[in-house]
Protein chains: 2
Amino acid sequence: MLLSKSCVYGLRASLYLSAKQDEYISIREISEKLDISFHFLTKILQQLTADGLMESYKGPNGGIRLSPKGRKATLLDIVIAIDGPELFTQCALGLPGCGSEDPCPLHESWLGTRTAISNMLEKTSLEEIAKEGKQNRFRISAGGTFNWS
Amino acid sequence: MLLSKSCVYGLRASLYLSAKQDEYISIREISEKLDISFHFLTKILQQLTADGLMESYKGPNGGIRLSPKGRKATLLDIVIAIDGPELFTQCALGLPGCGSEDPCPLHESWLGTRTAISNMLEKTSLEEIAKEGKQNRFRISAGGTFNWS
DNA sequence: TTATTTTAAGACAAAATAGTCTTAAATAAA
DNA sequence: TTTATTTAAGACTATTTTGTCTTAAAATAA
């Protein structure tokens with residue numbers, strides 16, 4: 001699996017929030033609409049909040065929203081916040097000493113491939129994806145029922 | 001992580017065997033040279049044997065070797081035998097209904113990226129990598145002590 | 001103030017992955 | 001035949017990831 005489940009949940013929730021305005025959205029709503037365990041999602045979003053990508057507010061009409069930083073962020077920022085940077089820094093075979101001077105058999109092509117992965121995640125901000133989403137009605141749930149409006 | 005640990009161990013053992021002639025190599029030797037748990041490696045290699053990519057022989061001077069099929073195989077064949085094909089067939093967000101008619105935000109670029117990954121793993125057979133390895137002395141262990149000879 | 005709604009935090013459980021250990025079966029050599 | 005060497009098989013443990021549940025803390029409104 002390229003991305004952990006936690007990471008995928010974090011990405012989908014970020015996409016959900018990107019379609020909303022600045023109001024706080026309850027995690028309960030997100031978890032129900034995207035069919036993700038509420039408590040599990042809460043933990044993941046706490047990470048993103050700690051990272052400054054989201055802002056939360058307690059109490060009635062509280063919830064979570066993307067911070068300004070989060071709106072400018074790309075999917076790569078979310079992935080690194082949750083799964084860490086290893087995918088984009090390490091040898092494909094996990095060999096500590098692998099490098100251009102002493103490469104594993106995959107070294108050269110892995111450099112290109114992992115750049116392709118990071119480009120894929122980096123090329124558009126959440127803000128921009130939200131715009132495209134409103135045009136293209138991108139799927140972000142298994143049921144495909146999310147309304148980008 | 002792109003590949004599971006089991007998968008990486010299987011790849012490194014395959015590369016080790018690719019450098020050898022047709023004789024049986026003991027799993028003990030591979031596990032010591034590549035610093036992989038012996039019993040764990042045994043299980044992984046049993047999978048590859050069951051898949052017809054390797055051949056094993058019990059008893060003194062027994063061991064394991066690549067089958068003719070295994071010599072012609074690519075790293076992609078090893079990866080699919082151990083981690084399964086999901087990485088190359090599924091949506092990046094794991095959404096069941098994602099497809100060109102109803103895509104997730106990553107759908108289009110993921111098609112290209114996952115092809116890049118599979119090309120990376122598919123472009124050379126173990127046989128060919130072994131030739132290159134003998135020229136380039138590719139690293140396949142953390143210590144980097146493997147002798148392609 | 002009191003009750004309600006929400007996130008925060010952390011204990012706990014379940015499932016998947018990774019790793020260890022013991023015994024069985026096959027083979028070869030003494 | 002007996003012993004040693006090797007893979008096969010499976011029970012078992014440890015760790016990581018995923019998921020659940022309870023309580024605390026903050027905020028709002030009655």
Side-chain angles (χ1 to χ4, degrees), chain A residues 1-13 16-17 20 23-32 34-67 70 79 81-84 86-87 93-94, chain B residues 1-13 16-17 20 23-32 34-67 70 79 81-84 86-87 93-94:
Chain A
M1 202 181 354
L2 183 73
L3 306 170
S4 70
K5 284 200 171 193
S6 296
C7 186
V8 166
Y9 294 161
L11 286 171
R12 289 170 55 208
Y16 187 96
L17 288 173
K20 304 291 179 184
E23 81 269 38
Y24 286 103
I25 305 293
S26 81
I27 300 176
R28 179 69 65 186
E29 171 185 331
I30 305 174
S31 77
E32 282 169 0
L34 300 187
D35 196 35
I36 301 169
S37 147
F38 167 71
H39 290 289
F40 194 43
L41 182 59
T42 295
K43 280 192 201 165
I44 295 162
L45 297 184
Q46 276 171 24
Q47 277 186 258
L48 297 177
T49 301
D51 246 71
L53 294 164
M54 296 191 177
E55 295 166 344
S56 68
Y57 200 82
K58 292 178 182 172
N61 304 312
I64 197 154
R65 67 181 179 194
L66 288 169
S67 68
V79 169
I82 298 174
D83 276 352
E86 292 75 17
L87 180 62
L93 299 182
Chain B
M1 200 180 355
L2 184 73
L3 306 170
S4 70
K5 284 199 171 194
S6 295
C7 186
V8 166
Y9 294 161
L11 286 170
R12 289 170 55 207
Y16 187 96
L17 289 172
K20 304 291 179 181
E23 80 268 38
Y24 286 102
I25 305 293
S26 81
I27 300 176
R28 179 69 65 186
E29 171 184 331
I30 305 174
S31 78
E32 282 171 359
L34 300 186
D35 196 35
I36 301 169
S37 144
F38 167 70
H39 290 288
F40 195 42
L41 182 58
T42 295
K43 280 193 201 164
I44 295 163
L45 297 183
Q46 277 170 24
Q47 277 186 258
L48 297 177
T49 302
D51 247 71
L53 294 165
M54 295 189 177
E55 295 166 343
S56 67
Y57 199 84
K58 291 178 183 173
N61 304 311
I64 197 153
R65 68 181 178 194
L66 289 169
S67 68
V79 169
I82 298 174
D83 276 351
E86 292 75 17
L87 179 62
L93 299 182

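Convention: sequence-line order gives letters A, B, ...; per-chain numbering from 1.
- With rounding to whole Å, A:K43 atom NZ is found 10 Å from C:dA11 atom P.
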Practice problem: Kindly indicate, with the supporting measurements, whether the criterion side chain to side chain contact (heavy atoms under 4.5 Å, CB included) is fulfilled by A:L87 and B:L2. | Solution: CA-CA 7 Å; A:L87 180 62; B:L2 184 73; 4.1 Å; yes
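- In this structure, the CG atom of A:L41 is 14 Å from the C1' atom of C:dA8, given to the nearest Å.
- The side chain of B:S37 approaches C:dT20 more closely than any other nucleotide in the set D:dA8, C:dT6, C:dT20.
- Across the protein-nucleic acid pair, B:R12 atom CZ and C:dA18 atom P stand 14 Å apart, rounded to whole Å.
- Between A:Y24 atom OH and D:dA26 atom P there is a gap of 16 Å when expressed in whole angstrom units.
- OP1 or OP2 of C:dT5 has not a single side-chain nitrogen or oxygen of A:Y57 nearer than 4.0 Å.
- Going from atom OH of B:Y16 over to atom OG of B:S31 covers 9.5 Å, rounded to the nearest 0.5 Å.
- At the phosphate of D:dG19, OP1 or OP2 sits under 4.0 Å from a side-chain N or O atom of A:Y9.
- Distance alone, capped at 3.5 Å, is enough to place a donor-acceptor pair between the A:S67 side chain and the A:L53 backbone.
- Between the P atom of C:dT17 and the CD1 atom of B:I44 lies a distance of 13 Å, rounded to the nearest Å.
- Residue A:S37 holds its OG atom at 8.5 Å from NZ of A:K43, rounded to the nearest 0.5 Å.
- With the nearest nucleotide of DNA chain D identified for both A:C7 and A:N61, A:C7 has the one nearer the 5' end.
- Here B:S6 reaches the OP1 or OP2 of C:dA18: one of its side-chain N or O atoms lies under 4.0 Å away.
- The two residues A:L17 and A:I64 come nearest to each other via the heavy atoms CD2-O, 3.7 Å.
- Atom C1' of nucleotide D:dG19 and atom CG of A:D35 are separated by 13 Å, given to the nearest angstrom.
- Rounding to whole angstrom units, NZ of residue A:K58 and C1' of C:dT7 are separated by 6 Å.
- Look at CE on A:M1: it is 10 Å from C1' on D:dT18, rounded to the nearest Å.
- The phosphate of D:dG19 has OP1 or OP2 within less than 4.0 Å of a side-chain N or O from A:K5.
- Contact annotation for B:I27: backbone-only contact, meaning every heavy-atom pair under 4.0 Å involves sugar-phosphate atoms and none involves a base.
- For the pair A:S56 and C:dA8, the criterion of a side-chain N or O lying under 4.0 Å from OP1 or OP2 is met.
- Candidate nucleotides D:dT20, C:dT7, C:dA8 were compared by shortest atom distance to the side chain of A:F40, and D:dT20 ranks first.
- With D:dA9, D:dT28, C:dA9 as the choices, the nucleotide that has an atom nearest any side-chain atom of B:Q46 turns out to be D:dA9.
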